[in-house]
Amino acid sequence: MIIVEEKCMQSVPPPPYVPNSSALPPPPFPGEHRGAAKLSDLPPYLLLKIVYMTFPQTPGIDEGKIERQRKTLCWLSTQLRLVNRSFYIACEHVLRSTYLPAYNSMIRPPYSSDPFPFSSSASTSSCDTLQRETKVLDLFIALKVHEDVMVDDSSLHLEREDSFKDLFDLMQPRSRLEDLIRHYGAREGVVHTNPSGVHASPSSSGMFSANNSGIGFASTRKRISDPAPVPFSALSISFSPRRVGLVLTASGRKRTIVDVARTRDEKLEVAAKKLARQLKVWLSDSSRSSGII
């Protein structure tokens with residue numbers, strides 16, 4: 001026989017409610033209602049895990065496991081990543097990490113490659129990056145996933161040898177050179193990536209002006225200070241096997257401001273350093289000729 005004491009059955013009363021201006025109002029908490037949770041609201045690591053789980057792990061009836069996974073990669077590139085920003089970031093992570101070795105294997109010597117930012121300040125997010133070679137990698141992926149699926153679907157499909165010629169003969173070295181210009185130009189103080197403009201140095205309290213060529217110069221009342229750096233967004237590269245030029249876009253017009261010679265076996269880093277030095281000379285000459293006081 002079990003004896004139950006009556007006082008043990010009594011529940012402990014809840015603590016008294018003390019109004020507090022900083023606390024939430026009592027239930028039902030008006031204004032705190034949230035909508036239904038969506039798949040894109042999941043944390044990035046869970047969303048990435050879900051994307052990885054879409055890859056088949058067994059062969060199909062008339063195709064192998066590798067062929068099925070290639071079709072999944074094509075689906076990620078052409079459909080899933082276009083759903084929203086969260087899926088875009090997750091799909092780009094999978095696609096870029098998968099095809100980066102194939103991309104690097106097609107780099108023409110003596111060119112170098114770095115499609116991902118080499119510093120934390122070079123990128124603001126996975127969707128918006130200053131690294132221009134990343135766009136070339138994405139173009140390569142879009143073409144590669146299509147070619148792989150076509151080869152798997154039909155034995156009559158022949159992959160053209162010149163499919164990637166423009167990418168790796170022109171676009172890849174040009175975009176890589178632009179990224180190097182951003183790096184070496186910032187080190188020389190002639191290129192900036194600040195979207196809001198150029199900040200004046202603490203040693204001079206001047207103003208920021210622009211001449212007819214669209215280049216800004218920081219000036220003081222008594223003397224002309226160092227020319228302000230050029231925004232990286234206004235610069236591009238004209239690339240050829242023998243010469244490379246720095247193109248400035250100002251007021252909707254493009255013109256080559258610096259042009260240097262190069263050899264076919266010259267590394268892109270060497271050409272970028274020469275362009276950065278010549279840009280510094282050009283800015284100094286333009287600053288003196290502008291006559292801003």
Donor-acceptor under 3.5 Å ([X] side chain, [Y] main chain):
{"X": "Ser286", "Y": "Leu283", "result": "no"}
{"X": "Thr256", "Y": "Val247", "result": "no"}
{"X": "Ser154", "Y": "Leu156", "result": "yes"}
{"X": "Ser77", "Y": "Leu73", "result": "no"}
{"X": "Ser175", "Y": "Gln172", "result": "yes"}
{"X": "Arg262", "Y": "Pro241", "result": "yes"}
{"X": "Asp179", "Y": "Glu133", "result": "yes"}

Would you mind reporting whether [Y] and [X] have side-chain heavy atoms less than 4.5 Å apart?
{"X": "Ile89", "Y": "Arg85", "result": "yes"}
{"X": "Val230", "Y": "Ile257", "result": "no"}
{"X": "Arg176", "Y": "Phe239", "result": "no"}
{"X": "Leu248", "Y": "Trp282", "result": "yes"}
{"X": "Ser163", "Y": "Leu143", "result": "yes"}
{"X": "Leu76", "Y": "Val94", "result": "yes"}

- Query: How close do Pro115 and Ser113 get, heavy atom to heavy atom, and via which atoms?
  - Reply: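 Smallest heavy-atom distance, with atoms named: CD-OG, 3.5 Å.
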- Write down the atom of Cys74, the atom of Val149, and the distance for their closest heavy-atom approach. CB-CG2, 3.7 Å
Test side-chain hydrogen bond (donor to acceptor under 3.5 Å, both in side chains) applied to [X] - qualifying residues, sequence neighbours left out:
{"X": "Asp169", "value": "Arg108, Lys165"}
{"X": "Arg68", "value": "none"}
{"X": "Thr72", "value": "none"}
{"X": "Arg81", "value": "Glu92"}

- Pick one: which of Asp259, Val260, Leu177, Val258 meets side-chain contact (heavy atoms from CB on, under 4.5 Å) with Leu246?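 Between Leu246 and the candidates, side-chain contact (heavy atoms from CB on, under 4.5 Å) is satisfied uniquely by Val258.
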Same apolar cluster: [X] and [Y], side chain cutoff 4.5 Å:
{"X": "Val281", "Y": "Val191", "value": "no"}
{"X": "Met171", "Y": "Tyr99", "value": "yes"}
{"X": "Ile237", "Y": "Tyr111", "value": "yes"}

- Message: Once ring pair (Phe, Tyr, Trp, His ring centres under 6.0 Å) is applied, do any residues pair with Phe168, and if so which ones, sequence neighbours excluded?
- Response: Tyr103, Phe140
- Item | Residue pairs, two or more places apart or on separate chains, that pass salt bridge (charged side-chain N to carboxylate O under 4.0 Å, His left out) and touch residues 136-149 |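 As it turns out, the salt bridge (charged side-chain N to carboxylate O under 4.0 Å, His left out) pairs with a partner in residues 136-149, which skip direct neighbours, are Arg96-Asp138, Lys144-Asp148.
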- Task: Scan for salt bridge (charged side-chain N to carboxylate O under 4.0 Å, His left out) pairs involving residues 37-56, sequence neighbours excluded, and state none if there are none.
- Result: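 Every candidate salt bridge (charged side-chain N to carboxylate O under 4.0 Å, His left out) pair involving residues 37-56 fails, so no pair, neighbours aside, qualifies.
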Does [X] have any side-chain contact (heavy atoms from CB on, under 4.5 Å) partners at least two apart in sequence or in another chain, and if so, which?
{"X": "Asp166", "value": "none"}
{"X": "Arg242", "value": "Arg264"}
{"X": "Ala142", "value": "none"}

Distance-only check: which donor-acceptor pairs under 3.5 Å involve side-chain atoms of residues 55-67, not counting sequence neighbours?
{"from": "Gln57", "atom 1": "NE2", "to": "Phe55", "atom 2": "O", "distance (Å)": "3.2"}
{"from": "Glu63", "atom 1": "OE1", "to": "Lys71", "atom 2": "NZ", "distance (Å)": "3.2"}
{"from": "Glu67", "atom 1": "OE1", "to": "Gly64", "atom 2": "N", "distance (Å)": "3.3"}

Identify all side-chain donor-acceptor contacts of residues 267-280 below 3.5 Å with residues at least two apart in sequence or on another chain.
{"from": "Glu269", "atom 1": "OE2", "to": "Ser112", "atom 2": "OG", "distance (Å)": "2.7"}
{"from": "Lys274", "atom 1": "NZ", "to": "Ala261", "atom 2": "O", "distance (Å)": "2.8"}
{"from": "Lys274", "atom 1": "NZ", "to": "Glu266", "atom 2": "OE2", "distance (Å)": "3.2"}

